[in-house]
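Keep in mind that what you see is a predicted model, and the values were worked out from it rather than measured.
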Amino acid sequence: MNGRAKEAENVQKESNGNWYTARLRVRYQESDQMGVVYHANYLNWFEIGRTEMIRQMGYTYRKMEEQGLLLPVTGLDVKYHKPARYDDEIMIFTRIATFSGLRLGYEYDIRRISEVPDVSLAVGERVWSHDESLPGERLVTGSTQHVWVNADWKPVRLDKVASELYSVLEKVWLSGKE
């Protein structure tokens with residue numbers, strides 16, 4: 001079996017992991033004259049979701065970079081359901097969609113929170129399991145695909161070069177599989 005086929009065999013395909021959250025309020029600079037969020041800003045929000053998910057797991061992108069690891073985007077899918085508007089309160093739900101030693105994929109569900117949220121919606125205090133309904137009105141869904149590379153942009157196997165991070169991600173990935 002060649003390396004690519006072996007890697008494909010190791011990648012998990014089901015997207016039923018737990019959802020992590022990040023929260024923000026739509027800023028004026030993110031919207032147009034009609035008060036509607038410019039479409040490319042959702043991609044920035046995806047990045048915020050990834051960054052905060054990693055932080056909630058007890059790791060940071062800074063620590064990954066200090067270890068010589070980078071995680072560039074290799075693919076992106078996005079579907080716009082409804083527009084976000086200036087001053088909306090937004091929750092970015094993020095979860096691991098695919099996981100292997102070489103690749104990592106995320107799913108996103110961006111929602112408008114219209115009521116005054118209770119404390120259980122605070123960032124980092126609540127993780128939604130894959131079978132729970134997410135709160136709020138769905139605005140955008142999407143996914144990103146990534147590959148682990150070193151500082152020279154050469155692909156690396158995370159399980160070989162950063163076993164601690166690999167274990168953290170694997171634990172989160174498996175938490176939605178129980």
Side-chain angles (χ1 to χ4, degrees), residues 7-8 10-32 34-57 59-61 64-65 69-100 102-114 117 121-124 126-149 155 158 165 168-170 172-177:
E7 179 64 27
N10 291 333
V11 173
Q12 306 294 326
K13 291 295 181 189
E14 295 179 36
S15 299
N16 61 353
N18 294 330
W19 292 101
Y20 288 73
T21 60
R23 188 184 200 151
L24 59 88
R25 186 170 296 279
V26 176
R27 296 169 296 247
Y28 186 76
Q29 70 200 36
E30 295 171 314
S31 62
D32 60 21
M34 298 175 291
V36 173
V37 169
Y38 178 66
H39 69 278
N41 284 310
Y42 295 101
L43 307 182
N44 291 327
W45 295 354
F46 286 1
E47 184 175 0
I48 290 168
R50 289 193 303 273
T51 302
E52 292 306 315
M53 179 182 183
I54 295 289
R55 186 179 317 281
Q56 291 168 33
M57 292 166 31
Y59 227 83
T60 65
Y61 267 85
M64 290 187 318
E65 290 172 355
L69 291 168
L70 302 171
L71 190 60
V73 175
T74 59
L76 167 72
D77 297 297
V78 62
K79 179 167 176 147
Y80 301 98
H81 301 272
K82 294 181 179 179
R85 299 186 180 280
Y86 169 66
D87 207 38
D88 282 348
E89 183 145 11
I90 302 298
M91 292 205 61
I92 306 161
F93 292 90
T94 306
R95 67 179 173 185
I96 296 175
T98 58
F99 173 71
S100 75
L102 183 61
R103 300 181 194 286
L104 184 60
Y106 292 97
E107 276 188 344
Y108 311 92
D109 195 332
I110 297 177
R111 293 174 171 254
R112 178 180 9 254
I113 307 298
S114 36
L121 296 182
V123 172
R126 176 97 158 57
V127 174
W128 274 261
S129 70
H130 67 277
D131 56 358
E132 286 183 271
S133 294
L134 299 179
E137 178 182 19
R138 175 175 282 162
L139 304 176
V140 172
T141 53
S143 64
T144 54
Q145 299 80 46
H146 306 260
V147 65
W148 293 104
V149 299
L158 189 65
L165 177 56
V168 169
L169 290 167
E170 183 179 47
V172 168
W173 169 249
L174 293 174
S175 69
K177 310 290 180 213

Using modelled atom types only, decide if a donor and an acceptor are shared between the side chain of R50 and the backbone of T94 within a distance under 3.5 Å. no
Side-chain heavy-atom pair W173, S100 within 4.5 angstrom cut-off: no
So, do L71 and Y61 sit near enough that their side-chain heavy atoms are less than 4.5 Å apart? yes
Would you mind telling me which of W45, Y38, F46 makes a ring-ring contact (aromatic ring centres under 6.0 Å, His included) with Y42? W45
Minimum side-chain heavy-atom gap L139-V37 below 4.5 Å: no
If I take atom CE from residue M53 and atom CG from residue L169, how far apart are they, to the nearest 0.5 angstrom? 7.5 Å
How many angstroms lie between atom CG of D87 and atom CZ of R25, to the nearest 0.5 angstrom? 5.0 Å
Without swapping roles, check the side chain of D32 against the backbone of M34 for a donor-acceptor pair under 3.5 Å. yes
Validation row: H39, V78 side chains within 4.5 angstrom (heavy atoms): no
Does any part of the side chain of T21, heavy atoms only, come nearer than 4.5 Å to the side chain of W19, both counted from C-beta? no
Between T74 and Q145 (side chain of the first, backbone of the second, donor and acceptor by atom type, cut-off under 3.5 Å), is there such a pair? yes
How long is the gap from CD1 on I110 to NE2 on H81, to the nearest 0.5 Å? 10.0 Å
Drop me the distance from M57's CE to E52's CD, to the nearest 0.5 angstrom. 12.5 Å
Does Q56 offer a backbone N or O that forms a donor-acceptor pair with the side chain of Y20 under 3.5 Å? no
Do I48 and Y108 come within less than 4.5 Å of each other through their side chains, counting heavy atoms only? no
Under a 4.5 Å cut-off applied to non-hydrogen side-chain atoms, are W128 and R95 in contact? no
Kindly say whether E30 contributes a backbone atom to a donor-acceptor pair with the side chain of N41 at under 3.5 angstrom? yes
Donor-acceptor pair, T144 side chain versus V73 backbone, under 3.5 Å? no
Closer than 3.5 angstrom, by distance alone: can the side chain of R55 be matched with the main-chain N or O of T60 as a donor-acceptor pair? no
Should R111 and E137 count as an ion pair when the cut-off is N to O under 4.0 Å? no
Rounded to the nearest 0.5 Å, what separation is found between the CD1 atom of I96 and the CD atom of E107? 11.0 Å
R138 side chain reached by D109 side chain, heavy atoms, under 4.5 Å: yes
In terms of heavy-atom contacts, I92 and G49 come closest through CG2-CA, 3.9 Å
Between CD1 of I113 and CD1 of I90, what distance do you get to the nearest 0.5 Å? 8.0 Å
